[in-house]
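Please read all numbers here as calculations on a predicted model, not as lab measurements.
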Protein chains: 2
Amino acid sequence: MDDLKRRATVHDVAREAGVSLATVDRVLNGRPGVRGETAERVADAIRSLDFRRDVSASLLARARDLSVTFLIPDGSNAFMASLNAAITRHAQALKGERLSIVARPIHAFDPAALSAAIMALDPKTTDCAVIVATEHETVRRAVEAASKRGIAVVTLVSDLPGSARRHFVGIDNVAAGRTAASLMGRFCPSGRIGILAGSLGLRDHRERLEGFTAVMEAEFPGHELIGPREGFDDDMLTEAAVTELLGGPPLAGIYNLGAGNAGLIAALGKHGDSGRIRVVAHELTAATRDGLRSGAIDVVLDQNPDGEIAAALAVARSYAMGESAHHAAPQPAPIEIGLFLRDNLR
Amino acid sequence: MDDLKRRATVHDVAREAGVSLATVDRVLNGRPGVRGETAERVADAIRSLDFRRDVSASLLARARDLSVTFLIPDGSNAFMASLNAAITRHAQALKGERLSIVARPIHAFDPAALSAAIMALDPKTTDCAVIVATEHETVRRAVEAASKRGIAVVTLVSDLPGSARRHFVGIDNVAAGRTAASLMGRFCPSGRIGILAGSLGLRDHRERLEGFTAVMEAEFPGHELIGPREGFDDDMLTEAAVTELLGGPPLAGIYNLGAGNAGLIAALGKHGDSGRIRVVAHELTAATRDGLRSGAIDVVLDQNPDGEIAAALAVARSYAMGESAHHAAPQPAPIEIGLFLRDNLR
DNA sequence: CCCGTCATGAGGTACGTGCCTCATGACCTA
DNA sequence: TAGGTCATGAGGCACGTACCTCATGACGGG
C-alpha cells in the first residue's frame, strides 16, 4: 500500500516499460538513440503511472541552472523601467531556486536590434527567452530560428502572433479599451470625449482604441469622440495635444490610451477646472499615481509588471524543463487588467 | 574565480564559521544542542556568505514533503466553493513540487469547530496551516498553541489581528469599500444609495461598510445612504431586502457588500427598470457574471481566489522551509482588489 | 564473414541537504 | 573522583534525476 502512495520514479517507468533507466532517461530528455516504438512504450508507461519528473531532484542533478534571458526595451519609458525593476526583484527572490535570470536591454522599437539579440542566444546558456516583441518579419524569423535551436520564446506585453513563440504573457488590450469606454460612459452622461494615443503604429495602442470606440459607439451613442490625437508617449507632445483639445468646446472626459501622462496632467492643471473632466489613463506610474491622488485622473488601467514577470518566469521554467512533453501544459492564469482609483492604490 | 560564481553551500558556511557540518545543520533547522554564541557565529557566516539553502536539495533530502493544511468554511457559499476549487487546482499543479496539500472543510462561522481543528493539527504531518479566521478568543488561543508547536499559521480572506498568525493573505476591505463608493459616486450624480450587507458580525463586511460610507460622506455628500440591510449572504433574504428597498422612493444605486447576489438580481429583474440603477457587488461568481453580462450589475469587486491560494501557498512554503530565519522575509505582493465590468470579465 | 552503425543495457558518480549514529571532550555536581 | 549532561565533531546514507562511459547484441552492406 506504500506503493500506492509513492510517486512514481524513473525506475518505476523503466520497469513498467520493460526498458533500462538509460532509455527512460533518453526519452525524458529528448536525447537521440531510441527507436520510435520503444519511445512510445516509455511514453505509455509515463502516462499509465502518471509519472512526473521530480522537479527538485531534476534541478539538483542538472549540470547548470535553468537560465532565462529577458530582452526588454531600454529608454526612458516608465513602464519598461518598472518591468526591469520587477525582473531584478524576482532574480533576487529566486536565488536558491536554481533559476538564473539575465536582463538584456534592447534599443526600443528596433526590430533589427531585437532579432540580432535573439539570434545571438546560445542554447547552451539559455533555455528560454522572454521578449517584448516588435512586430516585424525579421523578428518572426529570429524567433523561428531560436525555437529550432531549442530555445523556448515567450512574448511579454506585446505579442507576435503567427510566430513560433510558445506563449504570450500580457493583457487583452481590446478588453482594456472596452473597459475604459464602459467606465467613461458611466462617468459622463453625455458630452465630448477626447482620445489620446501614443502611436497608432503600436499594436497594443491600436487594440485599445478599437475596443474603446466600439463600446462607446454601441453603448453610449450620445457621446462625441474627438481624436485620437497622437502624443508619441512623450510628455511635451502630449501636453500640447491636450491643450489643443481643451481649447475647443468643453470636454466631458479624456481617455489617454498611451503614455505621456505627466504632460496630460500638466495641461489639465493649467486649464483650471480639471476636476470636472473625467480622465481615464493607462499604467500605474509616478505620474498617474499623483494624478489619482490629486483627483486629476479618475481611473488608471494597469498591467501589473510584477505579475507579468512572475507569470513569464513560471511559463519559462515550465518550458525550460520540458514539463509539457508528456502531460498537458499547465495554462497559467491570464494577466488581468488592473483597475485603480485613488482608493485602491497599491 | 569559480568560487565567486558558485552559490555558497553548507560546507562553506561550516568552514567560514569554524564549526562542523552537523552544527550548521542544527542551526539551520532549529535543532537543539548549540550554544548561543556558536549559533551566532554560524548566523554571521550565513550572512557574510549570503548563503541560502538550496531549495531543490533541501526538498529532495527531506524525509517527507512539505505539507500545508487548509481549513476552509464549508456550506453553499459560492466564494468559498471557488476557494476550494482553486486549492484543488493548485494541488494538482504542484504534483512533483514536493508540496502536499490537504483541504479540510470547517463548519462555517463556528469558532469552536475551527479551533478544535487547529488544535488537532500534528506538527509531524503539518508544516503550515492556512485558515479563514473567525474572530474569537478560542481561535486566537488555538493559533497561539499551534504556533508554539511549530506550525506556522497563515490567515486567508479574513484576518485575525493580534494573534500569532504569521501572515495575512487577502484584500484590504476598507479600501474595497472606499473604491466601491468612489465608483458609485461617479456613476450617480445624486440620489439615494441602498446598502446591503451579509452580516455586520463579519469583520470584512464591517470594514467594507466603513470604507464605503466614509468616502460617500466625504466626497459625495449629495447622496442619501439607505441601510445597511443585512441579507446574511442568503439569496432569499437578500432578495427580500432588495424588494423592500425598491418599494421605497427611487434608488440611484445599490451596493451589496456581501453575498446573495442571485437574490439581488432576481429582485432587480422583477422590479423592471433595473438598467437605470447602478449596482456594485462583490466576488465574481456565476451570479455576478450573469449580472454583469445582462447589465444588471455595473461593477464587481473581486478578491481573486486563485491568486489568493497561490499567494498563501507561496507564503506557506516559505515559512515551512524556515527561509526567513536568516534573511529578510520575502514580503509577497499584497492581494489586489480586482475590478470587473462586463468588458474585462475573465 | 567482417566491420560499422545503431538501439539498448549496466552501472557508476554527482548534485546539496536532511537526518542518523557514535565518539569526544568540557564542564558540573555529589 | 565518578558519573552525568551538554556542545560539538566525524562520517555516512538517502533522496531522484542528470549525465557519463563502456559493453552487448542486432542488423545490413560489401
With respect to the side chain of [X], which nucleotide from [options] is positioned closest?
X: A:Val19; options: C:dA7, C:dG9, D:dT8; answer: C:dG9
X: A:Thr9; options: D:dG9, D:dG16, D:dC19; answer: D:dG16
X: B:Leu28; options: D:dT17, D:dT8, C:dG18; answer: C:dG18
X: B:Arg98; options: D:dG16, C:dC19, C:dG16; answer: D:dG16
X: A:Thr23; options: C:dG9, C:dT17, D:dA18; answer: C:dG9

Exercise. When every nucleotide of nucleotides 21-28 of chain C is labelled 5' to 3' by its protein contacts under 4.0 Å (heavy atoms), B for base, S for sugar-phosphate only, - for none, what sequence of letters results?
Worked result: --------
Seminar exercise, completed: Residues passing the side chain to side chain contact (heavy atoms under 4.5 Å, CB included) test with B:Leu66, sequence neighbours excluded, are B:Leu59, B:Arg62, B:Leu99, B:Asp127, B:Arg317, B:Ala320, B:Met321
For this session: Please name all residues satisfying side chain to side chain contact (heavy atoms under 4.5 Å, CB included) with B:Asp159, sequence neighbours left out, ordered by chain then number.
Result: B:Thr155, B:Pro161, B:Arg165, B:Phe168
Exercise. Starting at the 5' end of DNA chain D and moving along, which residue's nearest nucleotide shows up first, B:Gly36 or B:Leu60?
Worked result: B:Gly36
For this session: Find which nucleotide of DNA chain D each of A:Leu59 and B:Val24 is nearest to by heavy atoms, and output the residue with the more 5' nucleotide.
Result: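 On the 5' side of the pair lies B:Val24.
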To the nearest Å, give me how far apart [atom1] ([X]) and [atom2] ([N]) are.
X: B:His11; N: C:dA14; atom1: NE2; atom2: C1'; result: 13 Å
X: B:Glu97; N: D:dC15; atom1: CD; atom2: P; result: 20 Å
X: A:Arg53; N: D:dT17; atom1: CZ; atom2: P; result: 9 Å
X: A:Asp25; N: C:dT13; atom1: CG; atom2: P; result: 17 Å
X: B:Phe51; N: C:dG16; atom1: CZ; atom2: C1'; result: 9 Å
X: B:Arg41; N: D:dT8; atom1: CZ; atom2: P; result: 8 Å
X: B:Arg62; N: C:dC19; atom1: CZ; atom2: C1'; result: 11 Å
X: A:Glu37; N: C:dA7; atom1: CD; atom2: P; result: 12 Å

Exercise. Can A:Arg47 and A:Glu40 be said to form a salt bridge (Lys or Arg N to Asp or Glu O under 4.0 Å), step by step?
Worked result: CA-CA 10 Å; A:Arg47 273 187 294 270; A:Glu40 195 49 52; 3.2 Å; yes
Problem set entry | Electrostatic pair B:Glu144-B:Lys148, nearest N-O below 4.0 angstrom | yes
For this session: Determine, for B:Arg41 against B:Asp44, whether the closest basic-nitrogen to carboxylate-oxygen distance falls under 4.0 angstrom.
Result: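 A salt bridge is absent here (no side-chain N lies under 4.0 Å from a carboxylate O).
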Exercise. So does A:Ser58 get a side-chain nitrogen or oxygen closer than 4.0 Å to the phosphate oxygens (OP1/OP2) of D:dA18?
Worked result: yes
For this session: Let me know, please, whether B:Asp54 or A:Gly18 comes out on the 5' side of the other along DNA chain C by nearest nucleotide.
Result: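 It is A:Gly18 whose nearest nucleotide is closer to the 5' end.
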Exercise. Would you say the side chains of A:Thr138 and A:His136 form a donor-acceptor pair under 3.5 Å?
Worked result: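 Judged by distance alone, the side chains do pair up.
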Exercise. Do A:Thr125 and A:Val102 have side-chain heavy atoms sitting under 4.5 Å apart?
Worked result: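 No, their side chains stay 4.5 Å or more apart.
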